[in-house]
Amino acid sequence: MAGYDFSSKNVDSPPSLSITIPKTSDLVTASKRWREVQLPIDILLLAVRDADFLSCFYYLSDVFRSYTRTLGYVHFGNFGKDEGQLKLKVSLITCSGGGGGNPGGSAIVVKDAVEILQPRAVFCIGSCWGLYRDKTRLGDVLVPAKLTTYAPRRMTSTGAVPCGFTVPLSSSMSRLIRQAGFGWNPPLENPEVREVTVHQDSELLSGSEQVESSQRRDELVRSYPNAIAVELDGDGVFAAAHDLKTEWVIIKGISGYADCPASLTEQWAGFASVMAASVMNNILSDPFVFEEWPHYQRAQNEGNVSSVLRSPPYLQHREPMIETINRMPENPMPSPPLMLKKIGRKIKRCSGCRKPITSPLLGFSAEDDHDYCFGRLDAYDYWNKTTKSCMPKVSTRHYHLNPVCTKVQGIAHFQIDSGKVEVTPSLRALIKERFSTDI
């Protein structure tokens, strides 16, 4: 890269778009109280800069926002090709930049958001910096099949030794992104002016450095010859999603190059974000694809007597710090029907979330939630304090009226029985919306 002319005169201006991205002053949307928000969602979109957020916002329909102290403002909307089709329920949130591990960075925000919103997958949208001018162009979009962390290094007497790690996408996500660019037309006013390429079989570097040095760029190329770009937030997204066993993917538009100051290509930042969001919209254009993808669900045995102290991702090749002992066995997937019941004096607590049965779970707070619940004959194991062992038991347990507490997310076939309850139109509509089935 030596001898390259870094003057701003050598950088083209981005072509005109065929769409109009809203400004922050245009974001006037309806608002709802958090208890009125219907959860879980399907897709969590994470944006860092305003340009990333606004580009994603453009593709949302039926938008409203809500607020919770843990996440701040969250925008909700739908994705789908045509009217009357199945829609994906999407949440759009922001995090602070500068690296995934920073306060308010991608690692912390994604962890909190996944646990509250229970998405099927996390999409991180934004911009990155190319490592090769002959392999990528400004505005190209990366949907990497592999993410590599490069910042961790071990200092020795002979110099710094990279000790980052490379992680591929899951098999499900890999199969999805193979055709990320199929049928995609970049939203350009004149498509003949510039060819925009989608790189879906690529490797992306992620770390806490904003690289603007030809010397540092050359070091990264030598250490990671297969990577074609570098960015700041993906390592945090991976760390949180991996720990929560949630699908994830990074989609970044190239807004500059790692061998020169970012200010020289600043005008491309917004264009890169729009291209990344447009590719994301292309991937999400068929909502039925995600029907069999499970929502996030908190581990059933979390909080039991035994646990494993997890190591950071870059230490996971070593022996665990604490070995698991006396682990509770996995309970079988629930198969008996869910029986509607009127909440009475003897029904005290939800066996799913362990909260009082009259206190609905956050995000599932309709009027019927205070009057009705589910009962189900469950076979499960419990910890016997006297024998200090797991004991089997079969009994009727009660649950809130949602797929999270009842643990039926991801189960293809389950049955809901009205029993002796007279099903009102509002109760029937609630069951239909949350469980996609009729009573």
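What you see below is based on every heavy atom in this structure, not just the backbone, and it leaves out hydrogens, waters and symmetry mates. Numbering of residues begins at 1 and proceeds along the displayed sequence.
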What distance do Ser255 atom OG and Gln267 atom CD have between them, rounded to the nearest 0.5 Å? 11.5 Å
With a 4.5 Å limit on heavy-atom distance, are the side chains of Leu54 and Leu27 in contact? yes
Out of His199, Arg194, Lys135, which one pairs with Asp140 under the side-chain hydrogen bond (donor to acceptor under 3.5 Å, both in side chains) rule? His199
For Trp129, give me all partners under ring-ring contact (aromatic ring centres under 6.0 Å, His included), at least two apart in sequence or on another chain. none
Any sub-3.5 Å donor-acceptor pair from Arg376's side-chain atoms to Thr406's backbone N or O? yes
Beyond-backbone contact of Cys350 with Arg354, side-chain heavy atoms, under 4.5 angstrom: no
Could you tell me which non-hydrogen atom of Met275 sits nearest to which non-hydrogen atom of Trp184, and how far apart they are? O-CZ2, 4.0 Å
Closest contact, heavy atoms only, Gly104 versus Cys95: O-CB, 3.4 Å
Does a salt bridge link Arg133 with Asp259, judged by any charged N lying under 4.0 Å from a carboxylate O? yes
Side-chain donor-acceptor contacts of residues 14-25 below 3.5 Å, not counting sequence neighbours, with atom names and distances?
residue	atom	partner	partner atom	Å
Ser18	OG	Pro187	O	3.4

Counting N and O atoms only, with roles assigned by atom type, does the side chain of Arg65 sit under 3.5 Å from a partner on the main chain of Ala30, one being a donor and the other an acceptor? no
To the nearest 0.5 Å, atom OH of Tyr257 lies from atom OG1 of Thr265 at 9.0 Å
Test item: Asp233 and Lys252 side chains (from C-beta on) under 4.5 Å apart, heavy atoms: yes
Within a strict 4.5 Å, meaning less than it, do heavy atoms of the Glu203 and Pro144 side chains meet? no
Can you tell me if Thr197 and Arg137 form a side-chain donor-acceptor pair at under 3.5 Å? no
Is the CD atom of Glu266 crowded by more than 12 outside heavy atoms at less than 6.0 Å? no
So, Asp52 and Ser273: side-chain donor and acceptor under 3.5 Å apart, yes or no? yes
Keeping Asn402 on the side-chain end and Val404 on the backbone end, is there a donor-acceptor pair under 3.5 Å? yes
Taking Gln200 for its side chain and Arg178 for its backbone only, find out whether a donor-acceptor pair lies under 3.5 Å. yes
Taking side chain as C-beta onward, heavy atoms only, is Leu204 less than 4.5 Å from Lys146? no
Run the salt bridge (Lys or Arg N to Asp or Glu O under 4.0 Å) check on Lys87 and Asp42 step by step: do they pass? CA-CA 9 Å; Lys87 300 287 186 179; Asp42 295 311; over 6 Å; no
Looking at every non-hydrogen atom in both residues, tell me the closest pair between Lys432 and Asp438 and how far apart they are. CD-OD1, 3.4 Å
Output, in order, the C-alpha distance, side-chain angles, deciding distance and verdict of side chain to side chain contact (heavy atoms under 4.5 Å, CB included) for Leu45 and Phe53. CA-CA 9 Å; Leu45 300 181; Phe53 180 92; over 6 Å; no
Check the pair Asp378, Tyr399 against side-chain hydrogen bond (donor to acceptor under 3.5 Å, both in side chains), reporting the backbone distance first and the verdict last. CA-CA 11 Å; Asp378 286 344; Tyr399 301 91; 2.2 Å; yes
How far apart are the closest heavy atoms of Ala272 and Ser127, and which atoms are they? CB-CB, 4.3 Å
Would you confirm whether Ser174, through its side chain, and Ser171, through its main-chain N or O, come within 3.5 Å as a donor-acceptor pair? no
Test side chain to side chain contact (heavy atoms under 4.5 Å, CB included) applied to Asp417 and Leu340, step by step: CA-CA 6 Å; Asp417 197 323; Leu340 269 175; over 6 Å; no
Is there a side-chain contact between Val110 and Leu244, using heavy atoms and a 4.5 Å cut-off? no
Please assess Thr29 against Phe64 for the test side chain to side chain contact (heavy atoms under 4.5 Å, CB included), listing each intermediate value before the final yes or no. CA-CA 5 Å; Thr29 61; Phe64 68 91; 5.5 Å; no
More than 12 heavy atoms of other groups within 6.0 Å of Asp26 CG: yes
Within this structure, what is the CG-CD1 distance for the pair Leu39 and Ile116, rounded to the nearest 0.5 Å? 9.0 Å
If you look at every heavy atom in Ala258 and Leu131, which pair is closest and at what distance? CB-CD2, 3.9 Å
Using ring centroids (six-membered ring only for Trp), state whether Phe374 and Phe435 fall under 6.0 Å. yes
Do Arg120 and Tyr296 form a cation-pi contact, if we require the NZ or CZ to be under 6.0 Å from the six-membered ring centre and within 45 degrees of the ring's axis? no
Would you mind writing out the side-chain donor-acceptor pairs for residues 67-77 within the sub-3.5 Å range, not counting sequence neighbours?
none

Output for pair (Ile416 CD1, Ile431 CD1), nearest 0.5 Å, gives 5.0 Å
Evaluate the ring planes of His242 and Phe238, with Trp represented by its six-membered ring, and classify them as parallel (under 30°), tilted (30 to 60°) or perpendicular (over 60°). tilted
Looking only at heavy atoms, which two atoms of Cys56 and Leu92 are closest? And how far apart? CB-CD1, 3.9 Å
Taking His295 for the side chain and Gln118 for the main chain, is one N or O donor matched with an acceptor at less than 3.5 Å? yes
So does Val274 get a backbone contact from the side chain of Ser278, meaning a donor-acceptor N/O pair under 3.5 Å? no
Modelled atom types, side-chain donor and acceptor of Asp235 and Tyr150, under 3.5 Å: no
How long is the span from the CG atom in Leu88 to the CZ atom in Phe79, to the nearest 0.5 Å? 8.0 Å
Step by step, would you call Glu433 with Gln38 a side chain to side chain contact (heavy atoms under 4.5 Å, CB included)? CA-CA 9 Å; Glu433 181 178 4; Gln38 295 295 319; 3.3 Å; yes
Below 4.5 Å, heavy atoms only, C-beta onward: do Gln210 and Glu212 meet side chain to side chain? yes
Nearest-0.5 Å distance, CG of residue Asp369 to CZ of residue Arg35: 12.5 Å
Leu46 vs Ser106 side-chain heavy atoms within contact, under 4.5 Å: yes
